[in-house]
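Labels below follow one simple rule: chain letters A, B, ... track the order of the sequence lines, proteins then strands, and each chain is numbered from 1. All heavy atoms count here, side chains included; hydrogens, waters and symmetry mates do not.
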Number of protein chains: 2
Amino acid sequence: MRYDKPDEVGSSRPLHGKIFEKLESSILSGKYKYGDTLNEIKLAEEMGVSRTPVREALRQLELEGLVAYIPNKGVVVRGLSKEDIKDIYEIRLVIEGMTARRAAENITDEELAELKEYIELEEFYTARDDAKQLSRLDTCFHETIYKACGSRLLAKTLKAFHNYVKSVRDISLSSPERARETYLEHKAIYEAIRDRDRELAEILMEQHIRNATAFMEKQSLAADKVE
Amino acid sequence: MRYDKPDEVGSSRPLHGKIFEKLESSILSGKYKYGDTLNEIKLAEEMGVSRTPVREALRQLELEGLVAYIPNKGVVVRGLSKEDIKDIYEIRLVIEGMTARRAAENITDEELAELKEYIELEEFYTARDDAKQLSRLDTCFHETIYKACGSRLLAKTLKAFHNYVKSVRDISLSSPERARETYLEHKAIYEAIRDRDRELAEILMEQHIRNATAFMEKQSLAADKVE
DNA sequence: TTTTTTACTATTGTATACAATTATACAAAA
DNA sequence: TTTTGTATAATTGTATACAATAGTAAAAAA
């Protein structure tokens, strides 16, 4: 299946890519917190590689703003604050609708078929309350629309943002209530895009982001109360 | 000293940063075009350094999407297409107004004083038709607003986009007509932010981007005719 | 005791050596 | 002539050695 990346055994893909993904997800998941210092040598030893690919990965994380190099001193984790997360939803609200509109214009039949499959699988896993699968499908669904919008930069930007909020998304989708809503919203967006209804696709996507934001903030407030 | 380049005494800033900026501007300015291949060894020799810092810079450019590594083969330039540039203006139109509105809420007195100085200098250099200074001030003006908006991610995203369109901006600002309009638009935006008028700041900024886009496309069409 | 100096350690910054892989050229066979 | 195989060269991928710098602690001077 397409969304199920086969991990390519024996792939000669450079190490730094894997290291980058690992470190990035460790930061985004909160394993490495704001202010933590990372040690190139330690990281290299832990992963059984040399400093070189670790540094390449760290330099990319530096460009992303997730870590900061302090010359001759060390690497410090910056990560994303709660304000950053809120900002991401605010930005997504404004540009993700645009992306859906453009996708409705430019999407190919293949991409449309992809979307359809994701929707069907979402229905299946929603019935099963399989939050992990739903998280993956959510990523697939949105990224397909990003691609279909025909703008490389929009796709790149939104893919990064979408990835940044993965943690809170996972929490949301672990709620059967929100998972079901998400499925219905995705389905409506898909149908609008399928019918080439640009206006509707845009409006529905904006509403989708708005709903996701509202649910996220509700949960965030609840979590704050627990603390 | 070990390295050929004595360069600015006291600047212990890592080399890869300078290399990154140099390569990035070479790509954005069109010196390196789409499809060109870059050779790590050649670049290192040209700059009088080893491959290591060159690779770190290239890995960051890779993350930015300006170059692509083909494993064991080479580095190929991707750069930005005309469509990319248009997309950037389309995205900026939607999020830069948001930034101005937020800046009107959050700006500090210091940042406000900065903006004021930029405006005054813009007036000065507009009268002198000094396009180079005006380009610099345009960057300062917008980046100060990005900072003042209080969102790290918004600032980072827009700073990158603003940098990406530097070439076409420079062309626009070399037109005395557009330079004068730009000054007036900037001034109005500054005053709205100074007066903490969020709505007006947002509207004026959106209009500013709209005008810049229109001028850019007019020039682009004219350039196409010449070809 | 307090301050200053010095030596040492730890960490990043850079260069270089070597490994792995790809592309190319050339020769040999069909 | 075309195809196939092999050797060679070129380039990236990774590891390691060494340089430079910042931080720390200890020692010396006040």
Please check the phosphate of [N] (OP1 and OP2 only) for any side-chain N or O of [X] closer than 4.0 Å.
X        : N       : value
Arg51(A) : dA15(C) : no
Arg55(B) : dG13(D) : yes
Asn72(A) : dT11(C) : no

Measure from [atom1] on [X] to [atom2] on [N] and round the result to the nearest Å.
X        : N       : atom1 : atom2 : answer
His16(A) : dA20(C) : NE2   : P     : 20 Å
Tyr69(B) : dT22(C) : OH    : P     : 16 Å
Leu15(A) : dA20(C) : CG    : P     : 13 Å
Ile70(B) : dT12(D) : CD1   : C1'   : 11 Å
Leu43(B) : dT11(D) : CG    : P     : 12 Å
Arg59(B) : dT14(D) : CZ    : P     : 8 Å
Glu45(A) : dT16(D) : CD    : C1'   : 13 Å
Glu56(B) : dG13(D) : CD    : C1'   : 14 Å

**salt bridge (charged side-chain N to carboxylate O under 4.0 Å, His left out), paired with Asp87(B), selected from Arg152(A), Arg102(A), Lys156(A)** =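 Option passing the salt bridge (charged side-chain N to carboxylate O under 4.0 Å, His left out) with Asp87(B): Arg102(A).
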**Message:** Under the rule for salt bridge (charged side-chain N to carboxylate O under 4.0 Å, His left out), what residues qualify as partners of Glu114(B), not counting sequence neighbours?
**Reply:** none
**Prompt:** What nucleotide among dT16(C), dG23(D), dG13(C) has an atom nearest to a side-chain atom of Ser50(B)?
**Reply:**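 Nearest to the side-chain atoms of Ser50(B), counting from C-beta on, is dT16(C).
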**Prompt:** Given dA15(D), dG13(D), dA22(D), which nucleotide is nearest the side-chain atoms of Thr52(A)?
**Reply:**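 So the nucleotide nearest the side chain must be dA15(D).
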**Asked** Is the charged tip of Arg59(B) near the ring of Tyr69(B): under 6.0 Å from the six-membered ring centre and within 45° of its axis?
**Response** yes
**Request:** Report the residue (Lys73(A) or Gly48(A)) whose heavy-atom-nearest nucleotide on DNA chain D is the more 5′ of the two.
**Result:**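 The residue mapped nearer the 5' terminus is Gly48(A).
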**Prompt:** Any side-chain donor-acceptor pair under 3.5 Å between Tyr146(B) and Glu96(B)?
**Reply:**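 The answer is yes; a qualifying pair exists.
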Counting any heavy atom closer than 4.0 Å, what does [X] reach on the DNA or RNA strands: base, sugar-phosphate only, or nothing?
X        : value
Leu58(B) : nothing
Ile19(B) : nothing
Ile41(A) : base

**Result of checking Glu56(A), Glu64(A), Glu62(A) against Gln60(B) for side-chain hydrogen bond (donor to acceptor under 3.5 Å, both in side chains)** = Glu62(A)
